[in-house]
Asker: 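Attaching a single structure in structure tokens format; questions to follow.
The first residue of the sequence shown is numbered 1, and numbering continues consecutively from there.
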Amino acid sequence: INILVIGNVKNPGMYTVSGNANILSVLDIAGGPSATGSMRSIHLKREGRIISEFDLYEVFVNGNFDVKEDLRAGDVILVNPKGDQVAISGGFTQPAIYEIKKGTTLKDAIHLAGGFAPSGKADTIFVERKMNNTSSYLEVDIDEADSFTLQNGDNIKSNFFQPINKAQASVEIQGEVHNPGIYAIN
């Protein structure tokens with residue numbers, strides 16, 4: 001069957017595929033979404049109507065691959081432009097820039113990032129939000145993560161570890177020396 005793959009895809013064009021091909025296999029043949037293409041909003045169109053929307057994050061993050069529609073000759077796969085994004089860094093298993101859908105919460109984003117790394121500090125999360133050419137820094141308690149809605153451009157950070165302030169024995173060196181200062185001693 002012939003399937004047209006268009007939009008923000010690496011190799012757009014008409015592809016002849018086997019009759020039992022699915023949307024994921026056709027996207028693979030076409031090289032997948034381009035750098036500007038959405039992984040969350042891929043439309044399957046038939047006769048000018050959108051018959052289903054496909055979210056690659058469901059496959060790659062959650063392992064859910066449920067093909068509701070079989071492909072038919074003449075179908076069009078449209079990879080839409082990339083949507084809103086957030087950056088996730090620090091003490092997470094998979095820090096990266098993630099595309100989000102409207103209504104995505106901080107808890108959803110933590111799930112996308114694979115949760116906290118073993119050395120990650122999981123009690124407070126910092127969100128940098130840019131609005132009107134200024135940045136505001138928000139501290140969000142982990143218990144509030146499921147009600148904190150993200151916005152495009154949010155920068156989410158978590159500390160890698162809990163610092164422990166431990167008194168150490170030290171000596172201060174002053175005077176005519178190359179490197180004066182306070183030095184720890186064992």
Side-chain angles (χ1 to χ4, degrees), residues 1-90 92-117 125 127-135 145-158:
I1 60 173
N2 289 325
I3 305 293
L4 180 62
V5 183
I6 59 171
N8 294 274
V9 65
K10 288 182 183 171
N11 302 305
M14 182 70 75
Y15 290 91
T16 302
V17 297
S18 104
N20 64 352
N22 58 51
I23 193 168
L24 190 59
S25 63
V26 175
L27 282 171
D28 182 46
I29 293 167
S34 66
T36 60
S38 175
M39 295 188 76
R40 313 252 5 222
S41 179
I42 300 168
H43 292 156
L44 176 60
K45 297 179 82 175
R46 185 171 295 144
E47 298 173 2
R49 292 188 334 262
I50 297 170
I51 61 167
S52 69
E53 185 172 27
F54 194 69
D55 183 353
L56 287 175
Y57 278 21
E58 279 298 314
V59 178
F60 299 143
V61 176
N62 300 323
N64 299 331
F65 182 58
D66 183 22
V67 179
K68 296 179 180 110
E69 295 289 334
D70 292 328
L71 295 178
R72 295 186 192 162
D75 281 354
V76 175
I77 297 173
L78 170 65
V79 178
N80 290 300
K82 193 175 282 184
D84 293 348
Q85 296 176 310
V86 296
I88 301 175
S89 61
F92 296 99
T93 304
Q94 299 169 6
I97 296 174
Y98 291 95
E99 187 177 354
I100 60 170
K101 290 184 173 183
K102 191 168 188 73
T104 299
T105 65
L106 183 55
K107 184 177 180 179
D108 298 332
I110 293 169
H111 174 70
L112 291 175
F116 292 97
I125 301 158
V127 178
E128 177 186 0
R129 181 166 285 170
K130 293 184 172 116
M131 294 173 64
N132 303 327
N133 296 328
T134 61
S135 292
D146 58 346
S147 62
F148 186 88
T149 304
L150 296 174
Q151 295 179 4
N152 185 34
D154 281 353
N155 191 352
I156 302 161
K157 298 177 184 177
S158 172

Asker: Taking atom CE of Met131 as the centre, report whether more than 12 heavy atoms of other residues, nucleotides or ligands fall under 6.0 Å from it.
Answerer: no

Asker: What's the spacing between Ser34 OG and Asn11 CG if we round to 0.5 Å?
Answerer: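 Going from OG on Ser34 over to CG on Asn11, the span is 10.0 Å.
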
Asker: Hey, could you give me the CG/CD1 distance between Leu71 and Ile23, rounded to the nearest 0.5 Å?
Answerer: 6.5 Å

Asker: When rounded to the nearest 0.5 angstrom, what is the spacing between CD1 in Ile97 and CG in Leu112?
Answerer: 13.5 Å

Asker: Would you check if there is a donor-acceptor pair between the side chains of Asn20 and Ser18 at a distance under 3.5 Å?
Answerer: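 Result is yes, a qualifying pair exists.
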
Asker: If we check side-chain contact (heavy atoms from CB on, under 4.5 Å) with His43, which of these qualifies: Val79, Asn80, Ile6?
Answerer: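 Per the side-chain contact (heavy atoms from CB on, under 4.5 Å) rule, the option paired with His43 is Asn80, out of Val79, Asn80, Ile6.
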
Asker: To the nearest 0.5 angstrom, please state how far the CG atom of Asp75 sits from the CG atom of Leu44.
Answerer: 5.0 Å

Asker: Would you name the heavy atoms of Gln151 and Val86 that are closest together and state the gap between them?
Answerer: O-CG1, 3.6 Å

Asker: What heavy-atom pair brings Pro33 and Met39 nearest, and what distance separates the two atoms?
Answerer: CG-CG, 4.2 Å

Asker: If every non-hydrogen atom of Lys130 is compared with every non-hydrogen atom of Ser135, which pair is closest and at what distance?
Answerer: CG-OG, 3.4 Å

Asker: To the nearest 0.5 angstrom, please state how far the OG atom of Ser38 sits from the CG atom of Asp84.
Answerer: 10.5 Å

Asker: Compare every heavy atom of Tyr57 with every heavy atom of Tyr98, then report the nearest pair and how far apart it is.
Answerer: CA-OH, 3.6 Å

Asker: Any chance you could measure Leu78, atom CG, to Lys45, atom NZ, to the nearest 0.5 Å?
Answerer: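 Between Leu78 CG and Lys45 NZ, I get 6.0 Å after rounding to 0.5 Å.
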
Asker: In terms of heavy-atom contacts, does CZ of Arg72 have more than 12 from other residues, nucleotides or ligands at under 6.0 Å?
Answerer: no

Asker: Please identify which of these residues, Thr105, Ile156, Leu106, meets the side-chain contact (heavy atoms from CB on, under 4.5 Å) condition with Phe148.
Answerer: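 Answer to the side-chain contact (heavy atoms from CB on, under 4.5 Å) test with Phe148 among Thr105, Ile156, Leu106: Leu106.
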
Asker: So for atom NZ, which belongs to Lys107, do other residues, nucleotides or ligands contribute more than 12 heavy atoms lying within a distance under 6.0 Å?
Answerer: no

Asker: Within the side chain of Asn22, is there an N or O that forms a donor-acceptor pair under 3.5 Å with the backbone of Leu24?
Answerer: yes

Asker: Show the nearest heavy-atom pair for residues Ala109 and Leu150, with the distance to one decimal.
Answerer: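 Heavy atoms only, the tightest pair is CB-CD1, 3.5 Å.
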
Asker: Heavy atoms, side chains only, cut-off 4.5 Å: are Thr16 and Ile3 in contact?
Answerer: no

Asker: Nearest heavy-atom pair of Glu53 and Arg40: which atoms, and what distance?
Answerer: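 Closest pair (atom of Glu53, atom of Arg40, distance): OE2-O, 4.0 Å.
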
